There are 2 protein chains.
Amino acid sequence: MFELNRDRGNPVYLQIQAQLERRIASGTLAAGDALPSVRALAKQLRVNPNTVVRAYRELEFSGLVETRHGEGTFVTQDAGEQMQPEVLLAERAAQLVNEAKELGLTKEQALSAVKSAWRKSSKPGKSGKSGKVA
Amino acid sequence: MFELNRDRGNPVYLQIQAQLERRIASGTLAAGDALPSVRALAKQLRVNPNTVVRAYRELEFSGLVETRHGEGTFVTQDAGEQMQPEVLLAERAAQLVNEAKELGLTKEQALSAVKSAWRKSSKPGKSGKSGKVA
DNA sequence: CACACTGTATTAGTTGACTAGTACAGTGTC
DNA sequence: GACACTGTACTAGTCAACTAATACAGTGTG
């Protein structure tokens with residue numbers, strides 16, 4: 001069910017977090033559902049319980065789950081809402097707008113950049129020389 | 001001239017890199033100009049020469065400067081080009097388009113997200129509950 | 001309360017990112 | 001070649017991120 005890379009550079013707890021987020025986004029985990037207990041998931045993934053805890057904490061911080069000591073960890077009511085594609089994209093859009101304004105660009109220029117990027121991403125297109133992998 | 005924070009969490013070499021990028025973007029450092037020597041800048045910043053080297057290497061990797069052993073480090077011909085606001089924004093736009101496609105959204109939805117973000121960023125606007133600081 | 005489950009807290013080991021110290025190597029001028 | 005500059009390579013120390021080991025604490029059922 002879960003798949004983990006134990007390479008350095010992409011921490012296990014982030015992978016767990018991401019996979020749970022995907023399940024919440026897809027509705028596999030719905031509001032009110034219990035997540036696996038930290039011990040159960042840790043055993044399944046052959047990982048320390050604390051690593052699972054770390055993932056759950058991240059999810060809790062972003063409001064997707066809530067934990068009740070002694071009971072378990074549960075998907076919140078508005079988790080599905082937060083994982084709507086439009087909501088997720090809104091974060092990136094905010095970043096882009098932020099940078100555009102810092103650079104002194106107009107709204108039209110920002111929109112134009114997106115259109116252009118959309119075009120380029122449809123065709124493979126040859127890019128100019130190198131670039132950061134980031 | 002240069003200002004450094006020696007806090008953990010934002011490495012000195014990245015700060016040097018960023019400040020040099022700003023000067024290239026603004027034209028203070030033009031194509032063909034020599035950067036300060038690694039020793040000179042290191043002395044001025046009270047930092048190890050290798051830290052400056054690290055910054056120069058990053059700039060070289062992104063094609064903004066080129067180094068000539070024994071001579072110095074120089075701004076490349078197309079550095080100014082690369083630092084055009086439109087070019088910089090294009091990277092973010094590509095990220096946004098990428099995510100939009102992964103989420104299965106349309107071009108119109110992506111554009112709409114940007115417009116909406118622009119609107120929200122103009123007014124202070126009250127946001128909903130918490131959120132990642134990221 | 002005993003028990004079996006749940007999450008929580010404390011402590012410690014490993015590892016890579018970052019910075020520094022110091023020696024090496026190329027360029028140009030005298 | 002000597003000298004004063006330039007970048008380069010190697011080695012080492014410090015620190016925070018990540019993971020684990022293990023003990024602590026709450027919940028619910030018999």
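Chain naming here is simple, since letters A, B, ... match the order of the sequence lines and numbering starts at 1 in each. Just so it is clear, the structure is predicted and the values come from calculations on it, not from any experiment.
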Q | Sidechain N-carboxylate O distance under 4.0 Å for B:Lys101, B:Glu99 | A | no
Q. Is there a side-chain contact between B:Leu20 and B:Val65 (heavy atoms, below 4.5 Å)?
A. no
Q.
Is the shortest side-chain heavy-atom distance between B:Arg54 and B:Thr51 below 4.5 Å?
A. no
Within this structure, what is the [atom1]-to-[atom2] distance between [X] and [N], rounded to whole angstrom?
X: A:Glu60; N: C:dT6; atom1: CD; atom2: C1'; value: 14 Å
X: A:Leu45; N: D:dC18; atom1: CG; atom2: C1'; value: 16 Å
X: B:Asn50; N: D:dG13; atom1: CG; atom2: C1'; value: 14 Å
X: B:Leu41; N: D:dT6; atom1: CG; atom2: P; value: 11 Å
X: A:Tyr56; N: D:dC18; atom1: OH; atom2: P; value: 19 Å
X: A:Arg68; N: C:dC5; atom1: CZ; atom2: C1'; value: 15 Å
X: A:Asp33; N: C:dT6; atom1: CG; atom2: C1'; value: 17 Å

Phosphate-side-chain proximity, [X] and [N], N/O vs OP1/OP2 below 4.0 Å:
X: A:Arg6; N: C:dT15; result: no
X: B:Thr73; N: D:dG7; result: yes
X: B:Arg54; N: C:dC18; result: yes
X: A:Tyr13; N: D:dC18; result: yes
X: A:Thr67; N: C:dG7; result: no

Q) Does A:Arg57 make a cation-pi contact with A:Tyr13 (under 6.0 Å, within 45 degrees of the axis)? A)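 The answer is no, since A:Arg57 fails at least one limit relative to A:Tyr13.
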Checking contacts here: which listed nucleotide ([options]) is nearest the side-chain heavy atoms of [X]?
X: A:Arg8; options: C:dT19, D:dG7, C:dG16; result: C:dG16
X: A:Glu71; options: D:dC24, D:dT27, D:dT8; result: D:dT27
X: A:Thr51; options: D:dA23, C:dA20, D:dA20; result: D:dA20
X: A:Val47; options: D:dA20, D:dC24, C:dT19; result: D:dA20

Q: Return the 5'-most residue of the pair B:Ala40, B:Asn48 with respect to DNA chain D, ranking by each residue's nearest nucleotide.
A: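 Going by which nucleotide is closer to the 5' end, it is B:Ala40.
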Q. When we call it a touch if two heavy atoms are under 4.0 Å apart, what does B:Val53 touch: a base, just sugar-phosphate, or nothing?
A. base
Q: Decide yes or no on salt bridge (charged side-chain N to carboxylate O under 4.0 Å, His left out) for A:Arg23 and A:Glu21, but give the supporting numbers first.
A: CA-CA 5 Å; A:Arg23 294 189 188 195; A:Glu21 281 175 352; over 6 Å; no
